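A short worksheet on the structure shown next.
Lettering of chains follows the sequences in order, A, B, ..., and the numbering in each one begins at 1. This one's a predicted model, so the numbers in the text were calculated from it and none came from an experiment.
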Amino acid sequence: MLKIKDLTVEVEGKEIIRDLHLNIEEGEVHVLFGPNGCGKTTLLMTLLGFPCYKVTRGRITFKGVDITNSPTNERVKLGMGMSFQHPPEIRGVKLGDMVNIAQGRKEEAIDEDVIALAKRLNISVEFLNRDVNLGFSGGEVKRSEILQLLAQAPDFIMFDEPDSGVDVENIELIGKIMSELLDRNKMPSKRKKSGLIITHSGSIMRHLKADRAHVMLEGRIACSGMPDEITKNVMETGFERCVELCARTNEVDAE
Amino acid sequence: MTKEETIERAKRAKRKKAALGEDISIEEYIAGEEHPSLNSLDEFPAEYQQDLLDAGIEPTEKDRSGSFLQRDCSVVFSAVKYPGLELMSTTDALKEHDWLKEYLWKAVPVDTDKYTAEVELEQTHGYFIRSEAGKKVTMPVQSCLFISSDKIGQKVHNIIIAEEDSELHIITGCSVSHAVNSALHLGVSEFYVKKGAKITFTMIHNWSRGMDVRPRSAVIIEDDGAFISNYILMTPVKSLQMYPTAYCVGRNARATFQTIIYAHGDTVIDSGSRAVLRGEGSRSEIISRVISTDNAKVIARSDVIGEGANAKGHIECRGLMLSDTAELDSIPELKAERKDLDLSHEAAIGKVAEEEIQYLMARGLSEEEATSVIIRGFLNVDITGLPDALARETKRMFDMSLEKVM
Ligand SMILES: Nc1ncnc2c1ncn2[C@@H]1O[C@H](COP(=O)(O)OP(=O)(O)OP(=O)(O)O)[C@@H](O)[C@H]1O
Ligand SMILES: [Mg+2]
């Protein structure tokens, strides 16, 4: 599904991502851990093709198409989607309008279809009529993002901290919808959707099984492994130590 | 003031330049020929029907309590369908009601400037709308001032009265035929909102590149009265200068001005809204959304003067710049004349944020589509205080005018 080769990315003339390699196959879900500021969001924004993230080296291939230089909306048409960590507020544009846009509908009205989708995320009609992200609480932002993805139904979905600032009950709800969006409820051979999830707490992983986990340090993938193991090491010992443990296991494996 | 005194004052102000806006030489403009009256609005020449629609006028008169149409300097149609509502040309109304002269130039002084003076001395009709005491005319009255020939100078005097505890909703369109290269519109509008009454006034200006426009409007609002103005201008105009003023003289009198302007081409606009909060507990809200693009020059003013105890006024002006050759000045003013007041303003001018465009692109829109969604959103203020049907209709008219420019 997604192949990232040798990727180096600059933001405002500063190199944030260096020589990054990552492959995500069809039906796979990967988790990405890493300390604040290591470049996780930068990676996702680059994959989505936001202009201020400059690819200075390397290549991104999505569904066999080289998208390194494609504009965002073309990537979206190919099947990419993203739930943002800090989405912008847009005055006069309602969440309901965003749902229609994500569904590719030109209709103005917030109709039964939209209301039914929103209901699945415990989002009221009143909330659909609010300007998107304007005064939304942290948890509301996350649910609003997932709702838009539910409407968009992309094949490859990036989630930038979908669980940060979300209460226990809503994490469960979000986890359930994410599992559905990512075909997690299907037999592995039947899974067509792929995902890349950034999380700090790992709490979303209690509701959603991933196939692989990575730790990012200073713009590189420093180690990769089984999600349970990496999550446990990161939570218990921290990022650096997790990477060390990883390296040691690899050496043992090599011997 | 006697008629003679009024004329005397007007004459003295004949050369008095307006405080704001470019000075226009009125002499160049003419009254033109008289146009025959119509039996119904759909008799209006087919070539102008679209112009009426663009100004929010419903030619079938469906869902309207009354209709008024003035073409150039002739009143060609006026019909009322609702008991308790009066609608006719100001000229006829003055013949019919002797008391009406007391309302002339009470809200707008005749010697404000040369334009008000001109309307007194060379008046070409205008409309009179009145709801009787206690009558709630929820279906809107529509009126249209239309210019169909070159060099026309339309000089109207409108009087609108909502008697005690009555309600009046007005949709008014000013429109001009696409064939007109140059014309002038001078419009004096005096509104009287009596005790407990309410007037909503939704005005669509559908001008063109050759129009000079100088409206002079004021509203007097008594105890518990409410006035709501919604102003929409999406077409280019050569020059427009106006500063409608609401005098909240009664206790708990309320005034709301909402202004939506999309200024493009070589448009020059100096537009403001002013509320004078004289009555105890009176309130005002001034909201404006202005987009300036191409070579347009816009000054967006707003002014609240607090004089009465516990008066409360808020100003919210937002501007959006879409071009480096356009200009936009936002000038909010507050004036307090006592301590127990609550006056505030927010003003901001920005551009279409890159981040917002990208967010929308991430949901599948092209850059152009995203920009248009943001612009629509920016201009989209929820119009409050209108009956549901009228609110929907106003939204539709707004969408329609936006459709044309984007
Ligand atoms: N537009 C920008 N201008 C300048 N620096 C930027 C910009 N975007 C990102 N950076 C910098 O790039 C680095 C990586 O940022 P990024 O947002 O990718 O981190 P992150 O791993 O997502 O962190 P967090 O866990 O806090 O969300 C940070 O040092 C950040 O300040
Ligand atoms: Mg981040």
Nearest non-hydrogen partners of A:Gly39 and A:Ile16, listed with the distance
CA-CG2, 3.9 Å
Put together the list of donor-acceptor pairs under 3.5 Å connecting chain B with chain A, please.
| unit_1 | atom_1 | unit_2 | atom_2 | d |
| --- | --- | --- | --- | --- |
| B:Tyr359 | OH | A:Asn133 | ND2 | 3.4 |
| B:Tyr359 | OH | A:Glu145 | OE2 | 2.4 |
| B:Tyr359 | OH | A:Gln148 | NE2 | 3.2 |
| B:Ala362 | O | A:Gln152 | NE2 | 3.3 |
| B:Arg363 | NE | A:Gln148 | OE1 | 2.6 |
| B:Arg363 | NH1 | A:Met82 | O | 2.8 |
| B:Arg363 | NH2 | A:Glu145 | OE1 | 2.7 |
| B:Arg363 | NH2 | A:Glu145 | OE2 | 3.4 |
| B:Arg363 | NH2 | A:Gln148 | OE1 | 3.4 |

So for A:Met98, is it side chain, backbone, both, or neither that comes closer than 4.5 Å to the heavy atoms of chain B?
side chain
Looking only at heavy atoms and a cut-off of under 4.5 Å, which of B:Ala353, B:Gly364, B:Ala370, B:Ala362 has the most pairs with chain A?
B:Ala362
Side chain from CB out, backbone as N, CA, C, O: work out which of these in A:Pro51 comes under 4.5 Å of a heavy atom of chain B, or both, or neither.
both
Could you tell me if the side chain of A:Ile204 sits less than 4.5 Å from the side chain of A:Ile197, heavy atoms only?
yes
Checking A:Ile101 against chain B: side chain, backbone, both or neither under 4.5 Å from a heavy atom?
both
Do the non-hydrogen side-chain atoms of B:Pro140 and B:Arg64 ever get within less than 4.5 Å of each other?
yes
Sidechain-backbone polar pair: B:Thr172 side chain, B:Ile170 backbone, donor-acceptor under 3.5 Å:
no
Do B:Ser302 side-chain atoms and B:Gly272 backbone N/O form a donor-acceptor pair below 3.5 Å?
no
Carefully, step by step, assess A:Phe136 and A:Phe127 under the rule ring pair (Phe, Tyr, Trp, His ring centres under 6.0 Å).
CA-CA 9 Å; A:Phe136 285 15; A:Phe127 198 78; 4.5 Å; yes
Backbone N/O of B:Phe257 and side chain of B:Ser273: donor-acceptor pair under 3.5 Å
no
The side-chain hydrogen bond (donor to acceptor under 3.5 Å, both in side chains) partners of B:Thr138 (sequence neighbours excluded) come to none
